[in-house]
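The analysis underlying the following values was restricted to heavy atoms, covering all of them including side chains, and did not include hydrogens, waters or symmetry mates.
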Amino acid sequence: MDIRLLREFIVLSELLNFSRAAERLNMTQPVLSRHVKYLEDYFGAQLLTRNTHRVEMTDVGRVFATEAGKIVAQYEQSLAVIRACPGVSRHSLSIGLLGEATRTFLSTFLSGYGERHPQVAIECVDGDIDTIMARVDKGESDLAFVIRPRGAKTPERLAHFTLASDPLCLVVNRNHALAVKERVSVGEVAEWPIIGLNRQISPMSFEFNSHFFSRHGFEYKTWKECVNLETVCFNVEFNDRAVVLLPLHRRYLVGANARLIMFAESDCVFEVDLLWDPENANPSLAGFLAEFRDFSRSWDWGPGLGGVEEERGRLNGTVV
(Lines give C-alpha, C1' and ligand atoms only; values in the text may rest on other atoms or scores of the structure.)
Protein backbone atom coordinates (compact mmCIF):
# COMPACT_ATOMS: atom_id res chain seq x y z
CA MET A 1 0.00 0.00 0.00
CA ASP A 2 1.21 3.51 -0.84
CA ILE A 3 2.59 5.18 2.30
CA ARG A 4 1.02 8.42 1.07
CA LEU A 5 -2.47 7.04 1.72
CA LEU A 6 -1.54 6.40 5.33
CA ARG A 7 -0.26 9.96 5.75
CA GLU A 8 -3.46 11.36 4.28
CA PHE A 9 -5.65 9.34 6.62
CA ILE A 10 -3.59 10.40 9.63
CA VAL A 11 -4.13 14.08 8.77
CA LEU A 12 -7.84 13.47 8.21
CA SER A 13 -8.14 11.62 11.52
CA GLU A 14 -6.60 14.61 13.29
CA LEU A 15 -8.73 17.30 11.64
CA LEU A 16 -11.96 15.32 11.01
CA ASN A 17 -12.72 17.76 8.22
CA PHE A 18 -12.25 16.86 4.54
CA SER A 19 -11.86 20.45 3.33
CA ARG A 20 -9.22 21.38 5.90
CA ALA A 21 -7.38 18.07 5.49
CA ALA A 22 -7.31 18.43 1.69
CA GLU A 23 -5.98 21.97 2.06
CA ARG A 24 -3.20 20.86 4.41
CA LEU A 25 -2.30 17.99 2.07
CA ASN A 26 -2.25 20.27 -0.98
CA MET A 27 -4.86 18.22 -2.82
CA THR A 28 -8.51 18.52 -3.80
CA GLN A 29 -11.32 17.27 -1.57
CA PRO A 30 -12.72 14.86 -4.22
CA VAL A 31 -9.30 13.19 -4.54
CA LEU A 32 -9.04 12.80 -0.76
CA SER A 33 -12.54 11.32 -0.67
CA ARG A 34 -11.58 8.81 -3.38
CA HIS A 35 -8.53 7.77 -1.40
CA VAL A 36 -10.59 7.17 1.75
CA LYS A 37 -13.04 5.08 -0.28
CA TYR A 38 -10.11 3.09 -1.66
CA LEU A 39 -8.91 2.37 1.88
CA GLU A 40 -12.41 1.37 2.98
CA ASP A 41 -12.75 -0.97 0.00
CA TYR A 42 -9.26 -2.36 0.65
CA PHE A 43 -10.05 -3.22 4.28
CA GLY A 44 -13.71 -4.04 3.67
CA ALA A 45 -14.77 -1.78 6.52
CA GLN A 46 -16.06 1.73 7.08
CA LEU A 47 -13.35 3.96 8.53
CA LEU A 48 -15.37 7.17 8.88
CA THR A 49 -18.98 8.21 9.27
CA ARG A 50 -19.93 11.41 7.46
CA ASN A 51 -22.89 13.74 7.29
CA THR A 52 -23.37 17.38 6.35
CA HIS A 53 -22.32 18.52 9.82
CA ARG A 54 -19.33 16.46 10.89
CA VAL A 55 -16.95 13.54 10.32
CA GLU A 56 -16.40 10.88 12.98
CA MET A 57 -14.05 7.90 13.23
CA THR A 58 -15.43 4.39 13.46
CA ASP A 59 -13.78 1.88 15.79
CA VAL A 60 -11.95 0.39 12.81
CA GLY A 61 -10.94 3.88 11.70
CA ARG A 62 -9.40 4.67 15.08
CA VAL A 63 -7.41 1.42 15.06
CA PHE A 64 -6.24 2.09 11.50
CA ALA A 65 -5.19 5.67 12.32
CA THR A 66 -3.13 4.42 15.27
CA GLU A 67 -1.45 1.66 13.30
CA ALA A 68 -0.90 3.95 10.30
CA GLY A 69 0.89 6.38 12.61
CA LYS A 70 3.23 3.61 13.77
CA ILE A 71 3.94 2.51 10.19
CA VAL A 72 4.66 6.03 8.95
CA ALA A 73 6.91 6.78 11.94
CA GLN A 74 8.91 3.58 11.38
CA TYR A 75 9.08 4.26 7.62
CA GLU A 76 10.44 7.77 8.13
CA GLN A 77 12.90 6.59 10.77
CA SER A 78 14.20 3.88 8.44
CA LEU A 79 14.64 6.37 5.61
CA ALA A 80 16.50 8.73 7.92
CA VAL A 81 18.88 5.92 8.96
CA ILE A 82 19.57 5.01 5.33
CA ARG A 83 20.12 8.60 4.25
CA ALA A 84 22.48 9.18 7.15
CA CYS A 85 24.80 6.40 5.97
CA PRO A 86 28.21 7.52 4.64
CA GLY A 87 28.28 7.79 0.86
CA VAL A 88 24.53 8.30 0.47
CA SER A 89 23.75 11.58 -1.26
CA ARG A 90 20.38 13.27 -1.01
CA HIS A 91 18.26 13.61 -4.12
CA SER A 92 14.52 13.98 -4.59
CA LEU A 93 11.84 13.74 -7.24
CA SER A 94 8.35 15.21 -7.09
CA ILE A 95 5.82 13.25 -9.15
CA GLY A 96 2.30 14.30 -10.02
CA LEU A 97 -0.21 11.53 -10.59
CA LEU A 98 -3.80 11.28 -11.64
CA GLY A 99 -5.67 8.86 -9.39
CA GLU A 100 -6.85 5.53 -10.78
CA ALA A 101 -5.37 6.15 -14.22
CA THR A 102 -1.83 5.90 -12.86
CA ARG A 103 -1.83 4.45 -9.35
CA THR A 104 -1.39 0.72 -10.12
CA PHE A 105 1.49 0.84 -12.58
CA LEU A 106 3.24 3.73 -10.82
CA SER A 107 3.18 2.11 -7.39
CA THR A 108 4.61 -1.08 -8.91
CA PHE A 109 7.41 0.83 -10.62
CA LEU A 110 8.21 2.97 -7.58
CA SER A 111 8.55 -0.09 -5.35
CA GLY A 112 11.42 -1.37 -7.47
CA TYR A 113 12.84 2.08 -8.13
CA GLY A 114 12.99 2.83 -4.40
CA GLU A 115 14.94 -0.36 -3.75
CA ARG A 116 17.44 0.48 -6.50
CA HIS A 117 17.77 4.13 -5.51
CA PRO A 118 17.28 4.51 -1.75
CA GLN A 119 19.08 7.87 -1.91
CA VAL A 120 16.27 9.42 -3.96
CA ALA A 121 13.36 10.73 -1.89
CA ILE A 122 10.12 10.41 -3.86
CA GLU A 123 7.24 12.79 -3.26
CA CYS A 124 3.96 11.83 -4.95
CA VAL A 125 1.25 14.46 -5.30
CA ASP A 126 -2.20 13.24 -6.35
CA GLY A 127 -4.56 15.69 -7.96
CA ASP A 128 -6.86 16.36 -10.87
CA ILE A 129 -5.89 17.19 -14.43
CA ASP A 130 -6.30 20.91 -13.80
CA THR A 131 -3.60 20.98 -11.11
CA ILE A 132 -1.16 18.23 -12.15
CA MET A 133 -0.06 19.74 -15.48
CA ALA A 134 0.23 23.19 -13.92
CA ARG A 135 2.61 21.88 -11.25
CA VAL A 136 5.05 20.61 -13.89
CA ASP A 137 4.74 23.80 -15.93
CA LYS A 138 5.56 25.87 -12.82
CA GLY A 139 8.42 23.60 -11.74
CA GLU A 140 6.59 22.43 -8.61
CA SER A 141 6.71 18.79 -9.82
CA ASP A 142 9.56 17.23 -11.78
CA LEU A 143 7.22 15.09 -13.88
CA ALA A 144 3.58 14.10 -14.06
CA PHE A 145 1.41 11.26 -15.32
CA VAL A 146 -1.73 12.62 -16.96
CA ILE A 147 -4.61 11.46 -19.15
CA ARG A 148 -5.56 13.62 -22.15
CA PRO A 149 -7.51 13.27 -25.42
CA ARG A 150 -5.48 11.92 -28.30
CA GLY A 151 -4.17 14.87 -30.28
CA ALA A 152 -4.39 17.36 -27.41
CA LYS A 153 -1.60 19.94 -27.48
CA THR A 154 1.23 19.71 -24.96
CA PRO A 155 2.40 22.99 -23.36
CA GLU A 156 5.32 24.24 -25.46
CA ARG A 157 7.94 23.98 -22.72
CA LEU A 158 7.14 20.38 -21.82
CA ALA A 159 8.25 17.08 -23.31
CA HIS A 160 6.15 13.93 -23.18
CA PHE A 161 5.78 10.35 -24.26
CA THR A 162 2.59 8.29 -24.44
CA LEU A 163 2.29 5.18 -22.29
CA ALA A 164 -1.14 3.75 -23.14
CA SER A 165 -4.53 4.49 -24.62
CA ASP A 166 -7.88 4.56 -22.86
CA PRO A 167 -11.09 4.63 -24.95
CA LEU A 168 -13.82 7.17 -24.31
CA CYS A 169 -17.13 5.43 -23.58
CA LEU A 170 -20.78 6.34 -23.22
CA VAL A 171 -22.83 5.46 -20.14
CA VAL A 172 -26.62 5.34 -20.37
CA ASN A 173 -29.53 3.99 -18.37
CA ARG A 174 -30.58 0.47 -19.41
CA ASN A 175 -33.90 1.92 -20.62
CA HIS A 176 -32.26 4.63 -22.72
CA ALA A 177 -32.89 4.50 -26.47
CA LEU A 178 -29.15 4.14 -27.13
CA ALA A 179 -28.75 1.20 -24.73
CA VAL A 180 -29.57 -1.28 -27.52
CA LYS A 181 -26.77 0.06 -29.75
CA GLU A 182 -23.57 -1.89 -30.30
CA ARG A 183 -21.67 1.36 -30.84
CA VAL A 184 -22.62 5.02 -30.81
CA SER A 185 -21.40 8.00 -32.82
CA VAL A 186 -20.59 11.42 -31.43
CA GLY A 187 -23.47 12.82 -33.50
CA GLU A 188 -25.96 10.46 -31.87
CA VAL A 189 -24.76 11.34 -28.39
CA ALA A 190 -24.94 15.08 -29.09
CA GLU A 191 -28.73 14.80 -29.46
CA TRP A 192 -29.22 13.83 -25.80
CA PRO A 193 -28.88 15.79 -22.54
CA ILE A 194 -25.36 15.31 -21.17
CA ILE A 195 -24.42 15.08 -17.49
CA GLY A 196 -20.83 16.11 -16.80
CA LEU A 197 -18.42 17.45 -14.22
CA ASN A 198 -18.85 20.97 -12.90
CA ARG A 199 -16.77 23.15 -15.20
CA GLN A 200 -15.85 25.49 -12.36
CA ILE A 201 -14.35 22.59 -10.37
CA SER A 202 -12.81 20.79 -13.35
CA PRO A 203 -12.56 23.13 -16.36
CA MET A 204 -10.09 20.89 -18.17
CA SER A 205 -12.51 17.95 -18.09
CA PHE A 206 -15.05 20.15 -19.86
CA GLU A 207 -12.37 21.19 -22.34
CA PHE A 208 -11.41 17.58 -23.05
CA ASN A 209 -14.97 16.46 -23.70
CA SER A 210 -15.48 19.49 -25.92
CA HIS A 211 -12.39 18.38 -27.85
CA PHE A 212 -14.01 15.06 -28.78
CA PHE A 213 -17.21 16.78 -29.95
CA SER A 214 -15.73 19.74 -31.82
CA ARG A 215 -13.39 17.59 -33.94
CA HIS A 216 -16.54 15.95 -35.37
CA GLY A 217 -18.42 19.21 -35.83
CA PHE A 218 -20.64 19.11 -32.73
CA GLU A 219 -20.95 21.33 -29.69
CA TYR A 220 -20.47 19.83 -26.24
CA LYS A 221 -23.25 21.18 -23.99
CA THR A 222 -24.01 19.91 -20.52
CA TRP A 223 -27.57 19.67 -19.27
CA LYS A 224 -26.49 19.05 -15.68
CA GLU A 225 -23.13 19.33 -13.89
CA CYS A 226 -21.99 17.46 -10.76
CA VAL A 227 -19.06 17.77 -8.37
CA ASN A 228 -17.49 14.36 -9.14
CA LEU A 229 -17.74 11.41 -11.53
CA GLU A 230 -19.35 9.20 -8.90
CA THR A 231 -22.33 11.56 -8.77
CA VAL A 232 -22.33 11.99 -12.55
CA CYS A 233 -22.64 8.23 -13.10
CA PHE A 234 -25.20 7.78 -10.34
CA ASN A 235 -27.54 10.20 -12.10
CA VAL A 236 -28.00 7.91 -15.10
CA GLU A 237 -29.11 5.14 -12.76
CA PHE A 238 -32.52 6.82 -12.52
CA ASN A 239 -32.59 8.95 -15.70
CA ASP A 240 -33.43 7.17 -18.95
CA ARG A 241 -32.72 10.17 -21.19
CA ALA A 242 -29.40 11.55 -19.99
CA VAL A 243 -25.96 10.37 -21.16
CA VAL A 244 -22.50 10.43 -19.57
CA LEU A 245 -19.00 10.37 -21.07
CA LEU A 246 -16.51 8.19 -19.19
CA PRO A 247 -12.93 6.92 -19.75
CA LEU A 248 -12.92 3.14 -19.84
CA HIS A 249 -10.60 2.84 -16.82
CA ARG A 250 -13.37 4.39 -14.67
CA ARG A 251 -15.96 1.81 -15.78
CA TYR A 252 -16.25 0.50 -12.22
CA LEU A 253 -18.46 3.56 -11.60
CA VAL A 254 -21.16 2.14 -13.90
CA GLY A 255 -24.01 0.80 -11.77
CA ALA A 256 -26.27 -2.18 -12.32
CA ASN A 257 -28.97 -0.06 -13.94
CA ALA A 258 -26.66 1.46 -16.56
CA ARG A 259 -24.81 0.29 -19.67
CA LEU A 260 -21.41 1.20 -21.07
CA ILE A 261 -21.00 1.49 -24.84
CA MET A 262 -17.93 2.07 -27.04
CA PHE A 263 -17.81 4.96 -29.51
CA ALA A 264 -17.77 4.22 -33.24
CA GLU A 265 -15.16 6.91 -33.95
CA SER A 266 -11.62 5.53 -33.61
CA ASP A 267 -10.23 8.89 -32.44
CA CYS A 268 -12.42 9.00 -29.32
CA VAL A 269 -9.51 7.94 -27.17
CA PHE A 270 -7.67 9.28 -24.15
CA GLU A 271 -3.94 8.77 -23.82
CA VAL A 272 -1.91 8.36 -20.65
CA ASP A 273 1.16 10.60 -20.98
CA LEU A 274 4.26 11.26 -18.95
CA LEU A 275 5.16 14.97 -18.97
CA TRP A 276 8.34 16.72 -17.87
CA ASP A 277 10.33 19.89 -18.49
CA PRO A 278 13.44 19.07 -20.58
CA GLU A 279 15.19 22.08 -19.02
CA ASN A 280 14.75 20.63 -15.52
CA ALA A 281 18.23 20.29 -13.98
CA ASN A 282 17.25 17.71 -11.34
CA PRO A 283 20.07 15.09 -11.52
CA SER A 284 17.64 12.24 -10.74
CA LEU A 285 15.22 13.02 -13.56
CA ALA A 286 17.08 11.53 -16.54
CA GLY A 287 17.69 8.22 -14.79
CA PHE A 288 14.07 7.98 -13.68
CA LEU A 289 12.84 8.59 -17.24
CA ALA A 290 15.20 5.98 -18.70
CA GLU A 291 14.15 3.34 -16.18
CA PHE A 292 10.47 4.10 -16.57
CA ARG A 293 10.68 3.82 -20.36
CA ASP A 294 12.10 0.31 -19.94
CA PHE A 295 9.41 -0.55 -17.39
CA SER A 296 6.61 0.73 -19.64
CA ARG A 297 7.65 -1.59 -22.46
CA SER A 298 7.16 -4.68 -20.32
CA TRP A 299 4.11 -3.59 -18.30
CA ASP A 300 0.83 -5.33 -19.19
CA TRP A 301 -1.43 -2.31 -19.52
CA GLY A 302 -4.54 -4.47 -19.79
CA PRO A 303 -8.12 -3.43 -20.66
CA GLY A 304 -8.83 0.24 -20.34
CA LEU A 305 -5.21 1.38 -20.50
CA GLY A 306 -3.98 -0.84 -23.34
CA GLY A 307 -4.21 -0.35 -27.09
CA VAL A 308 -7.59 0.89 -28.22
CA GLU A 309 -7.81 -1.62 -31.05
CA GLU A 310 -7.09 -4.44 -28.62
CA GLU A 311 -9.89 -3.18 -26.37
CA ARG A 312 -12.31 -2.87 -29.28
CA GLY A 313 -11.47 -6.45 -30.22
CA ARG A 314 -12.07 -7.64 -26.67
CA LEU A 315 -15.48 -6.00 -26.57
CA ASN A 316 -16.18 -7.10 -30.15
CA GLY A 317 -18.29 -4.03 -30.70
CA THR A 318 -20.89 -5.07 -28.18
CA VAL A 319 -22.57 -3.27 -25.33
CA VAL A 320 -20.77 -4.03 -22.06
Side-chain angles (χ1 to χ4, degrees), residues 2 4-5 8-9 11-12 15-42 46-55 96-104 125-135 144-149 166 168-173 193-212 220-239 242-258 260 270 272 304-305:
D2 192 335
R4 173 180 49 90
L5 298 179
E8 291 172 5
F9 192 81
V11 172
L12 184 56
L15 299 177
L16 293 179
N17 183 292
F18 274 82
S19 297
R20 290 167 54 201
E23 183 177 357
R24 178 182 293 185
L25 292 163
N26 192 31
M27 62 195 304
T28 63
Q29 185 174 332
V31 170
L32 180 58
S33 295
R34 289 203 303 269
H35 289 182
V36 172
K37 185 179 185 304
Y38 170 83
L39 290 171
E40 291 179 330
D41 290 345
Y42 182 87
Q46 188 173 5
L47 303 176
L48 301 166
T49 57
R50 291 158 268 193
N51 57 42
T52 56
H53 301 293
R54 61 181 179 177
V55 176
L97 63 145
L98 193 63
E100 292 87 347
T102 54
R103 180 181 294 121
T104 300
V125 180
D126 199 345
D128 52 38
I129 191 63
D130 298 281
T131 59
I132 291 300
M133 289 180 62
R135 285 183 59 87
F145 294 87
V146 301
I147 181 169
R148 306 182 297 159
D166 190 32
L168 177 71
C169 301
L170 182 73
V171 181
V172 295
N173 185 283
I194 299 172
I195 303 175
L197 285 173
N198 185 296
R199 72 189 76 184
Q200 302 301 320
I201 296 175
S202 185
M204 201 163 287
S205 175
F206 187 89
E207 178 184 327
F208 285 175
N209 287 336
S210 297
H211 175 89
F212 290 118
Y220 176 73
K221 296 184 295 184
T222 52
W223 164 71
K224 182 177 182 179
E225 297 185 354
C226 306
V227 297
N228 54 51
L229 276 176
E230 289 83 354
T231 307
V232 169
C233 290
F234 178 70
N235 271 264
V236 296
E237 292 286 302
F238 54 87
N239 189 316
V243 300
V244 167
L245 303 181
L246 191 73
L248 185 61
H249 80 272
R250 301 296 296 274
R251 61 191 179 277
Y252 63 87
L253 296 176
V254 180
N257 201 39
L260 184 143
F270 287 99
V272 180
L305 288 178

Validation row: [X], [Y] side chains within 4.5 angstrom (heavy atoms):
X	Y	result
L5	Y42	no
L260	L248	yes
L32	Q29	no
E230	R250	yes
F208	M204	yes

Requested in this report: Begin with the C-alpha distance, continue with both residues' side-chain angles, and end with the deciding distance and a verdict on ring-ring contact (aromatic ring centres under 6.0 Å, His included) for F270 and F212.
Outcome: CA-CA 10 Å; F270 287 99; F212 290 118; 5.0 Å; yes
Report the distance from atom [atom1] of [X] to atom [atom2] of [Y], rounding to the nearest 0.5 Å.
X	Y	atom1	atom2	answer
N209	L245	CG	CG	4.5 Å
E8	L39	CD	CG	8.0 Å
L253	N228	CG	CG	9.0 Å
K224	T231	NZ	OG1	9.0 Å
N235	W223	CG	CH2	7.0 Å

Query raised in the report: I195 pairs by side chain to side chain contact (heavy atoms under 4.5 Å, CB included) with which of T222, V243, V244?
Result: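 Output: one option passes, namely V244.
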**Report entry** Residue of the set L97, I147, D126 for which side chain to side chain contact (heavy atoms under 4.5 Å, CB included) holds with T102
**Finding:**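 That would be L97; it is the only one of L97, I147, D126 passing the side chain to side chain contact (heavy atoms under 4.5 Å, CB included) with T102.
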[X] side-chain N/O to [Y] backbone N/O, donor-acceptor pair under 3.5 Å:
X	Y	result
N173	A258	no
E237	G255	yes
E225	R199	yes

Using every non-hydrogen atom in the two residues, find where [X] and [Y] come nearest and quote the distance to one decimal.
X	Y	result
E40	L47	OE2-N, 3.0 Å
V146	I132	CG1-CG2, 3.6 Å
L48	Q46	O-NE2, 2.7 Å
L197	S205	CD1-OG, 3.5 Å

Query raised in the report: Does a sphere of radius 6.0 Å around CZ in F238 hold more than 12 heavy atoms from other residues, nucleotides or ligands, not counting ones at 6.0 Å or beyond?
Result: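 Result for CZ/F238: enclosed.
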Query raised in the report: Counting heavy atoms not belonging to F234, are there more than 12 under 6.0 Å from its CZ?
Result: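 Incorrect, the count does not exceed 12.
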Query - Partner residues of K221 under the salt bridge (charged side-chain N to carboxylate O under 4.0 Å, His left out) criterion, sequence neighbours left out - result: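 Not a single residue meets the salt bridge (charged side-chain N to carboxylate O under 4.0 Å, His left out) criterion with K221.
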Query raised in the report: Can you name the ring pair (Phe, Tyr, Trp, His ring centres under 6.0 Å) partners of F145, sequence neighbours left out?
Result: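 By the ring pair (Phe, Tyr, Trp, His ring centres under 6.0 Å) rule, F145 matches F105, F292.
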